[in-house]
Number of protein chains: 2
Amino acid sequence: MDVMTVTDGRRARGDVSRQAVMAVAVDLATVNGLDGLSIGGLASAVSMSKGGIAGLFGSKEELQLATVAAAAEIFQHTVIAPALTAPAGLPRLRALIEAWLDYSESRVFPGGCFFAAATAEYRSRPGPVRDAVAANLLRWRTFLAEAITRAIAAGDLAESTDATQLAFEISAMLDAANDQSLMFDSAAPYARARSAVDALLERARRTGLAHRNER
Amino acid sequence: MDVMTVTDGRRARGDVSRQAVMAVAVDLATVNGLDGLSIGGLASAVSMSKGGIAGLFGSKEELQLATVAAAAEIFQHTVIAPALTAPAGLPRLRALIEAWLDYSESRVFPGGCFFAAATAEYRSRPGPVRDAVAANLLRWRTFLAEAITRAIAAGDLAESTDATQLAFEISAMLDAANDQSLMFDSAAPYARARSAVDALLERARRTGLAHRNER
DNA sequence: CCTACCGATCGGTAGG
DNA sequence: CCTACCGATCGGTAGG
C-alpha cells in the first residue's frame, strides 16, 4: 500500500514530490507567514524551478490551502491521535493538553503552533485561507470541549462545569505559552501554562463554574 | 504650544504630515502586518508619492519601527493612562484589565490589539522590529504585574499570590479574547475573558497560589 | 515633497 | 517538471 508501489511512476513521483514540498512549505509558513510563503522562495528551498511549483499547485492561494491542510494532518497525528489512546475522562483531557504543549514546545514547526501563527495572520483578512484556518481552529476547540464534557460525564469534573468556558480558558493558557516562549525564547511560559491549567482543572474538579466558587 | 504655531513652517508641515501618515500606517499594519506595510501602499493610502513616504522614514525598517512607536503611544494613552486614575490596589488592576478589553473590543486598531498582531508576526524573525515589539510587550507585562503587586500590598489579594504567574494568566485571557473575537467576528470571547478573569481574581483574593487552593 | 528611474522579486502563463 | 517570458510591485535612489 506504499506510495512507491503504485504502477504509474509519473503519478507516484508527483505525490512524493508534492509531499516533500509540503513538508518544507509548512515550516516556512510558520516563520514567514502564509502570505510570506512565495512560490519562488519555496521553489529554491526545495531545489525546484518556480514553474514546477506553480504547476504543482495552480495558484498561490491553492498552495496556501494545501499548506493549511498539510499542517492539519500533522496536528492530527501529533496531538489528537496520541491523546485518543488515553482513557476517556480526565486522563484523556490531560493527555490532550500535554500533547499540545509538547507539540508546541518541541517545535514540530519551527515557528511554534502552525494554527496560532496562521490565525494571527488571517483573522482580519476574509477569504478562503482565513476560512480554512478558522475551520481547523473550531475543530480543535470542539474536540477539547468534548474531552471536557466526557470528563464531566465520567464524574472527574463537577457537573456544573461549563465545558465551552473551560475550553476557552485552557486554550488561552496553551496559546499564551506558545506566544511567549517564541517571543522571549524561553521554556518558562510552558511551566506557567501547566501550573495554570492544573489550577483550572482543580477548580473544575471541585465546583465547576468559577462563579459558584464563592464562599 | 500647538504644532501649528512653530515658526518653521516647513518643519511644522513635516511633523503634521508624519503624524497623519503614522495614524494610517498603524491601522494598515494591524490588518496586513508590519511586513505587509509597503511604502508604495502607504503612499497611495495617504495620497502621497512613494518618494515622499520613503524620504520621510529613510527605509522600510525605519517605517516599521516608527509604526511600533506610534502604536505604543496610542496604547499608553488608551490603556495605561486611564487606569492610573483609579486608586492603587484591586480597583486599579480591574480598571487596567477593563481598559485593555475596551481597547481591543472597540477596535482602536481595526485588526485588534496592535501588539498581539505584531508579536505573532515577528516572534520568529530576529531583528530590530522584533526587539521593539518585545520591549513593549515586556513593559506591558511588567506594568500588569506591578498593579497586581500593589493589590497584594493593599491587602486586596492574598499575600501568597504569585504576581508574575497571575499576570501571565490574566493576559492569556485578554489575548485569547482578542484573537477569537477577530477570528470568529464575535463579542462572546470578551464575555468569556471577563468571566475567566473574575474567577482568577476571586481565587487570588482568597488563597493566592493555585496550588495552595487544595482542601 | 515630486517625478523618474534602478534591479529584484512577485504571481502567473506559454511552450515544450 | 523545465526555461523563458509577461506586467506589476517591491525597497530604494537621484535629481530637483
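Throughout, a chain's letter reflects where its sequence line sits, starting with A, and its residues are numbered from 1.
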Original post:
In whole angstroms, how far is the P atom of D:dT9 from the NZ atom of B:Lys60?
Top reply: 15 Å

Subject >> Interatomic distance, B:Glu61 CD vs D:dG12 C1' [rounded to whole Å] >> reply: 14 Å

**OP:** Under 4.0 Å from any atom of DNA chain C, heavy atoms only: list the residues of residues 45-54 of chain A that qualify, in numerical order.
**Re:** A:Lys50, A:Ala54

Original post:
By a strict heavy-atom criterion of less than 4.0 Å, which residues belonging to residues 25-42 of chain B are in contact with DNA chain C?
Top reply: none

State whether [X] and [Y] are salt-bridged, where the test is any N-O pair (Lys NZ or Arg NE/NH1/NH2 against Asp/Glu carboxylate O) under 4.0 Å.
X        : Y        : value
B:Arg194 : B:Glu98  : yes
A:Glu169 : B:Arg192 : no
A:Arg141 : A:Asp175 : no
B:Glu146 : B:Arg150 : yes
A:Asp198 : A:Arg94  : yes

Original post:
Based on Watson-Crick and G-U pairs with both distances under 3.5 Å, what dot-bracket line describes DNA chain C 5' to 3', crossing pairs as [ ] and inter-strand pairs as |?
Top reply: ||||||||||||||||

**OP:** Give me the one residue out of A:Thr161, A:Leu166, A:Asp162 that meets side chain to side chain contact (heavy atoms under 4.5 Å, CB included) with A:Thr164.
**Re:** A:Asp162

Original post:
Could you give the distance from OG1 (A:Thr119) to CG (B:Leu182), rounded to the nearest 0.5 Å?
Top reply: 10.5 Å

Original post:
How many angstroms lie between CD in A:Glu105 and CG in A:Leu174, if you round to the nearest 0.5 Å?
Top reply: 12.0 Å

Original post:
Could you go step by step and tell me if B:Arg107 and B:Ser181 meet the side-chain hydrogen bond (donor to acceptor under 3.5 Å, both in side chains) rule?
Top reply: CA-CA 11 Å; B:Arg107 303 291 186 252; B:Ser181 167; 2.8 Å; yes

Original post:
Are OP1 or OP2 of D:dC1 and a side-chain N or O of A:Ser17 less than 4.0 angstrom apart?
Top reply: yes

**OP:** Classify the angle between the aromatic ring planes of A:Phe109 and A:Tyr103 as parallel (below 30°), tilted (30 to 60°) or perpendicular (above 60°).
**Re:** perpendicular

